[in-house]
Amino acid sequence: MKVLVTIIIKRQKCIEHELLLPLLQQVAKGNNRAFEDLYGRTSAQLFAVALTMLKNKEQAEEALQEAYVRIWYKADYYKTGQGTVLTWMVSIVRYRALDMLRHKKVRKTHIDSEFDKIVTGDENIRDDEELSQDWLNQDKIHTCMDELSAQQRQAIHLAYFNGFSHSEVVSHLGSPLGSVKSWIKRGLDSLQRCLGL
Amino acid sequence: MNYNTPQLISALSAHYVLGTLRGKARDRFETLKFANQNIQQEVDHWEAQLQPMSFKLSPISPEDHVWQNIQSRINARAAAMSERSQKSSKVVSIAAKTDNPDARKWKWVSGLAVAACLVLAILLMPYQSSRVDPLQSVAVINNEANQTLWSFDILQTQIAVKTTVLVPRLPNNDYQLWIVPASGDAPISIGVMLQSGEFKLDKPDIFDNIEIAALAVSREPKGGSPTGAPTVVLYAAEIAQL
């Protein structure tokens with residue numbers, strides 16, 4: 001059964017790649033129609049990433065816009081060794097959002113009520129059953145995250161999804177800095193072993 | 001810090017991708033990443049493995065105006081670059097276009113020694129496609145003998161730095177690059193630079209939103225300015241628009 005699931009996941013990964021890679025290659029040649037198609041297929045996922053991190057609609061839109069401008073200009077920088085097209089694009093929008101958090105002091109104090117429910121707590125994080133139906137479910141990370149201790153998983157979740165620094169995770173959890181750093185470090189060590197990095 | 005330790009590279013890469021590597025440490029790591037293939041590969045691996053975590057988020061469709069804004073920005077920049085390119089072809093006689101349609105490299109010729117260590121150079125970028133991260137402006141820093149130390153390509157999203165062999169190595173310090181605002185406000189850090197080779201720094205958003213008097217290079221303790229302000233300004237150079 002596990003082998004079958006692995007095969008299915010690998011197939012799903014291929015499907016995503018088969019869809020997006022030719023589009024990105026066309027974007028690299030300056031094909032605007034392909035760029036629009038790529039945007040249509042990926043922007044909702046990337047917007048969810050930006051909105052969850054920035055918790056502000058306008059700032060999330062700004063991050064998304066900047067990310068796609070970069071994708072337009074940098075499409076030919078993508079290499080297959082960098083993961084799938086979608087993970088490469090997620091990296092671009094996440095780093096953009098992290099930059100905004102750092103330099104523009106965008107923060108959680110200003111949460112649009114419209115998006116409050118979406119971006120606070122775990123409401124927007126799909127459970128595994130729902131995710132298993134999704135063609136985007138493609139990697140081992142979800143299994144490996146489940147193997148972490150609850151504290152490690154929570155600390156890494158807060159850092160990843162909310163863009164929290166160590167000190168912000170400390171504030172959120174009310175735990176000592178040393179404990180938070182240790183949870184994240186040990187969690188990443190465990191992920192590294194599990195992922196075979 | 002010895003960045004040749006695989007365990008350290010992996011740990012820093014993981015924190016970089018996760019986002020918990022912050023501040024000057026993040027700046028320095030980004031700089032090293034551009035110049036060290038091992039670090040870049042490790043970051044690539046962690047990105048490939050960690051970023052699918054984001055697929056747990058339910059997609060949220062952005063409003064239509066977001067796409068329109070993206071198109072507007074790209075079109076506006078392409079138009080601006082086209083206009084600049086036309087102007088530079090008339091004004092900058094030392095510029096020359098490449099015949100290679102895929103070429104992204106530009107040719108530069110350092111031109112004018114301005115003062116003791118202020119130098120401006122004029123150069124040319126051949127643009128074949130509006131999609132390529134376009135060159136907006138350039139700067140060159142020379143030493144007192146008018147020998148080039150660094151050249152800077154100011155691209156749309158990054159600053160590409162070339163370091164010549166004439167840049168003195170500082171075993172106990174780092175060089176840091178700064179924006180000097182024309183308003184007289186305090187310099188704004190762009191990032192810590194490698195002491196050799198070619199690399200890129202992310203261009204701060206503010207770069208395109210203020211008037212800039214010059215780029216400056218300072219000597220700092222390892223890891224960058226401890227105060228957020230330049231410690232010892234060594235050189236400065238005006239920026240030449242293309």
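We name chains A, B, ... by the order of the sequence lines, and we start the count at 1 in each one.
- Of the listed residues Asn32(A), Asp189(A), Ile184(A), Leu46(A), the one with more heavy-atom pairs under 4.5 angstrom with chain B than any other is Asn32(A).
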Can you check side-chain contact (heavy atoms from CB on, under 4.5 Å) on His142(A) and Lys56(B), steps first, answer last? CA-CA 9 Å; His142(A) 308 297; Lys56(B) 285 205 121 187; 3.6 Å; yes
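- Counting only distance, with no hydrogens or angles, the side chain of Tyr160(A) and the backbone of Val17(B) share no donor-acceptor pair below 3.5 Å.
- Using a 4.5 Å cut-off on side-chain heavy atoms (C-beta onward), Tyr95(A) and Glu30(B) make no contact.
- Crowding of Arg186(A) atom CZ: a count of heavy atoms from other residues, nucleotides or ligands under 6.0 Å not exceeding 12.
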Passes side-chain contact (heavy atoms from CB on, under 4.5 Å), Tyr73(A) versus Leu155(B)? Steps please. CA-CA 10 Å; Tyr73(A) 285 120; Leu155(B) 307 173; over 6 Å; no
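- Checked options Gln71(B), Gln68(B), Arg73(B); the residue passing with Gln65(A) is Arg73(B) (criterion: side-chain contact (heavy atoms from CB on, under 4.5 Å)).
- Between atom NZ of residue Lys181(A) and atom NE2 of residue His15(B) there is a gap of 9.0 Å, rounded to the nearest 0.5 Å.
- Within the 3.5 Å criterion, the main-chain N or O of Gly83(A) finds no donor-acceptor partner in the side chain of Gln49(B).
- Of the listed residues (Gly23(B), Ala14(B), Pro62(B), Ser61(B)), the greatest number of heavy-atom pairs within a distance under 4.5 Å of chain A belongs to Pro62(B).
- Interatomic distance, CG of Leu57(B) versus CG of Leu51(A), reported as 9.5 Å (0.5 Å rounding).
- When each of Asn69(B), Leu18(B), Ile206(B) is checked for heavy-atom pairs under 4.5 Å with chain A, Leu18(B) comes out on top.
- Nearest heavy atoms, Phe161(A) versus Ser54(B): CE2-CA, 4.1 Å.
- Residue-environment remark: NZ (Lys185(A)) stays at or below the threshold of 12 foreign heavy atoms within 6.0 Å.
- The minimum heavy-atom distance linking Gly19(B) with Leu98(A) is given by the pair CA-CD1, 3.8 Å.
- Between chain A and the residues Gln41(B), Arg26(B), Gln40(B), the largest count of heavy-atom pairs under 4.5 Å involves Arg26(B).
- Residues Phe47(A) and Ile60(B) approach most closely at CD2-O, 3.1 Å, considering heavy atoms.
- Remark: Trp88(A) engages Tyr78(A) in a ring pair (Phe, Tyr, Trp, His ring centres under 6.0 Å) (not counting sequence neighbours).
- Taking CD of Glu63(B) as the start and CD of Glu61(A) as the end, the distance is 5.5 Å to the nearest 0.5 Å.
- Scanning all heavy atoms of the two residues, the minimum distance from Thr157(B) to Arg70(A) falls at CG2-CG, 3.7 Å.
- The two atoms that bring Met53(B) and His157(A) nearest to each other are CE-CD2, 4.0 Å, heavy atoms only.
- To the nearest 0.5 angstrom, Asp27(B) atom CG is 4.0 Å from Arg102(A) atom CZ.
- When the side-chain contact (heavy atoms from CB on, under 4.5 Å) test is applied to Leu173(A), the partners found at least two apart in sequence or on another chain are Gln154(A), Leu158(A), Val169(A), Ser175(A), Trp183(A).
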Please assess Trp72(A) against Ile70(B) for the test side-chain contact (heavy atoms from CB on, under 4.5 Å), listing each intermediate value before the final yes or no. CA-CA 10 Å; Trp72(A) 170 256; Ile70(B) 292 167; over 6 Å; no
Could you please spell out the steps behind the side-chain contact (heavy atoms from CB on, under 4.5 Å) verdict for Thr20(B) and His166(A)? CA-CA 6 Å; Thr20(B) 45; His166(A) 283 120; 3.8 Å; yes
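- Side-chain contact between Ile74(B) and Tyr68(A): absent, with no pair of heavy atoms (C-beta onward) separated by less than 4.5 Å.
- Between the OG1 atom in Thr87(A) and the CH2 atom in Trp46(B) there is a gap of 14.5 Å [rounded to 0.5 Å].
- Closest approach of Val66(B) to Tyr39(A), counting heavy atoms only: CG1-OH, 3.4 Å.
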